[in-house]
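In what follows, every heavy atom counts, from backbone to side chain, and hydrogens, waters and symmetry copies are set aside. Whatever order the structure lists ligands and atoms in, that order sets their numbers, starting from 1. In this chain, residues are counted from 1 in sequence order.
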Amino acid sequence: MDKILIFDTTLRDGEQSPGASLTPEQKLSIAEQLARLNVDIIEAGYPASSPGEIEAIREICKKVKKPIIAGLARTLRKDIDCCLKALDKTNKPRLHIFCATSEIHLKYKLKKAKEEILRLTVESIRYARRFIDDIEFSPEDATRTDFNFLVEVVQAAIAAGATTINIPDTVGCIFPSQFTKLIKDLRQQISFKDVNLSVHCHNDLGLAVANSLTAVEEGANQVECTVNGIGERAGNASLEEVAMNIKLHPEIFRREMNIKTEELFKVSRLVSHLTGIPVQPNKAIVGSNAFAHEAGIHQDGILKKRTTYEIINPKDVGVKESRLVLGKHSGSHALEEHLKRMGYHLTKKEFAKFFIHFKQIADKKKEVFDEDLEIILDEVKKRIPQIWQLEYIHISSGNKTVPTATIRLKRGEEILEDSACGDGPIDACYKAIERITGLKGKLLDYSLQAITSGKDALGEVSIKVRFKDEIITARGASTDIIEASAKAYLEAVNRQAAGRKNKE
Ligand code: KIV
Ligand code: ZN
């Protein structure tokens, strides 16, 4: 059974992404990871572009031995010679020659007649065959090329010695049903016996993967793609999407591929890190949300049976596990499971209280993290004495007003409220708390830090307060820093009051 070959061009077409140039060392580490992923062919670059590119490809050839290493060339002897130099250290070299064939490219870009294109194609392939057996030919802009001329060029390329014919949708303009027809018609007109039929699709209309797969369904046996789908303009077909479709649809593709899909996530992150091109969170297969579930109904389903909402096992692409995002849409089932995983087992009553606090925080924040949960637990599990509880806080402050705080506290069933002015809103809060509780403290130290990420992060205030001759450390957290400061002071007051109570 024929295999489907995966030709990775991250280091050539991918590197043509605006702003994505890579150093030789970076190219080598990506090539090494592509070899671990077990791609069949690595297109390592375009050697004629610079002497540095030749050296980078030579290094890859010296160190990466399993895949075929390809270099790109125009139909020019100088390009082919650069390729030969770049590839002289691999035992599996491939020369990839391309020449535009569409009318628009011939007329405006190359300013050449069809006969000239045919001559250049044949001569360059014959020349390259003197040195290398594995020759790929691409009629650039094939999908906008007159069909009869395309057949003529491809036949001439095969007769001259090309062993792979690649059909590029250079500007990403073709529709899947049209590409199916094109591949079918080409296979009817041309014998591809002992010649690989490859496709190379760009993503200008978001159809690169669909077009590549439809061509494979129609008999193509090589797909050119890039990690994370990077490449010229809107990029190329994304390798991870192509690979997972082939893996998950054996009934359609009926052939195997060599890709070790468990390496997909790692290579995706490496390419993103080294090129500086982020992976969009909702990107299929490798996006950070690809295995994240937020809605309560989905989380409940996942916890009961993963496959209710996941068609891919995250481990199959190298992701450790699915992620249940705790946010305002989360339900009690997911939250309870999460707490258990953190090692907390709450009684029914505690959990009910916890859930109310959780929803209050989730309404203020997009994602609730473990640190947020710990703080709710402090309150619910009464890990800190709760003699006084904060009920209400109102601040009036500005550059031309005297900062004033009104605070309402609860002690048992009793509600007490008072106001105070201060040097700033926090000082005003602390004075109002002192007036209500009757406990006078001196603030010795105050620090504020964000303890969770994002603009809506929880801020944690840590303070040291002296009450007579006792120094107490306390902290408070909230998405509002004044509230966090008041909570910290109240915790200090509660610890002091609890200590006194214990002594009495
Ligand atoms: O998009 C394209 O046509 C190419 C060729 C060089 C294969 O990248
Ligand atoms: Zn391309």
Side-chain angles (χ1 to χ4, degrees), residues 5-18 20-21 39-49 53 57 68-76 79-80 82-83 86 94-106 108-110 117 120-121 124-125 128 134-145 149-150 153-154 157 162-174 179 182-183 186 195-209 211-212 215 220 222-239 242 271 275 277:
L5 304 173
I6 300 295
F7 176 115
D8 179 274
T9 181
T10 306
L11 297 176
R12 199 277 297 168
D13 215 323
E15 206 197 3
Q16 288 173 221
S17 304
S21 82
V39 302
D40 301 282
I41 304 112
I42 294 176
E43 186 165 53
Y46 174 37
S49 65
E53 178 81 337
I57 299 171
I68 293 169
I69 309 290
L72 184 70
R74 289 169 294 180
T75 50
L76 303 174
D79 274 28
I80 295 171
C82 285
C83 262
R94 174 178 292 188
L95 230 149
H96 180 187
I97 299 173
F98 76 102
C99 185
T101 49
S102 66
E103 210 178 321
I104 183 170
H105 277 234
L106 263 58
Y108 295 103
K109 187 181 86 174
L110 299 178
I117 300 299
L120 286 170
T121 300
S124 58
I125 294 173
D134 188 345
I135 306 290
E136 173 167 332
F137 176 73
S138 292
E140 190 192 11
D141 206 14
T143 51
R144 292 194 297 176
T145 298
F149 184 54
L150 184 61
V153 175
V154 169
T163 45
T164 298
I165 294 295
N166 178 45
I167 304 297
D169 180 26
T170 303
V171 291
C173 62
I174 206 158
F179 206 39
L182 178 61
I183 298 297
L186 283 172
V195 175
N196 294 313
L197 176 54
S198 170
V199 288
H200 174 113
C201 299
H202 278 269
N203 205 31
D204 299 67
L205 287 171
L207 291 171
V209 171
N211 281 328
S212 305
Q222 177 179 294
V223 183
E224 302 200 356
C225 43
T226 58
V227 174
N228 299 334
I230 62 171
E232 276 287 345
R233 306 180 310 278
N236 291 63
S238 130
L239 185 153
V242 167
V271 168
T275 58
I277 301 175

Does the side chain of [Y] come within less than 4.5 Å of [X]'s, by heavy atoms?
X    : Y    : value
P139 : L150 : yes
F137 : V154 : no
D134 : L95  : no
E136 : I41  : no
S17  : I277 : yes
L186 : L182 : yes

Problem set entry | Charged N-O contact under 4.0 Å between E140 and R74 |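 No, E140 and R74 are not salt-bridged.
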Exercise. Pick from D169, L106, I104, T101: which one makes a side-chain contact (heavy atoms from CB on, under 4.5 Å) with D141?
Worked result: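 Going through D169, L106, I104, T101 one by one, the side-chain contact (heavy atoms from CB on, under 4.5 Å) with D141 is satisfied by I104 alone.
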For this session: Would you mind telling me which of I42, V227, T226 makes a side-chain contact (heavy atoms from CB on, under 4.5 Å) with L11?
Result: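 It is I42; the other options fail the test.
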Identify all pairs of nitrogen or oxygen atoms, one from ligand 1 and one from the protein, separated by less than 3.5 Å, and list them with distances.
{"from": "ligand 1", "atom 1": "1 (O)", "to": "H200", "atom 2": "NE2", "distance (Å)": "3.2"}
{"from": "ligand 1", "atom 1": "1 (O)", "to": "H202", "atom 2": "NE2", "distance (Å)": "3.0"}
{"from": "ligand 1", "atom 1": "3 (O)", "to": "T170", "atom 2": "OG1", "distance (Å)": "2.7"}
{"from": "ligand 1", "atom 1": "8 (O)", "to": "R12", "atom 2": "NH1", "distance (Å)": "3.3"}
{"from": "ligand 1", "atom 1": "8 (O)", "to": "R12", "atom 2": "NH2", "distance (Å)": "3.0"}
{"from": "ligand 1", "atom 1": "8 (O)", "to": "D13", "atom 2": "OD2", "distance (Å)": "3.1"}
{"from": "ligand 1", "atom 1": "8 (O)", "to": "H200", "atom 2": "NE2", "distance (Å)": "3.1"}

For this session: Using a cut-off of 2.8 Å, find all protein N, O or S atoms closer to the Zn ion (ligand 2) than that distance.
Result: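 Near the Zn ion (ligand 2), the protein supplies D13 OD2, H200 NE2, H202 NE2.
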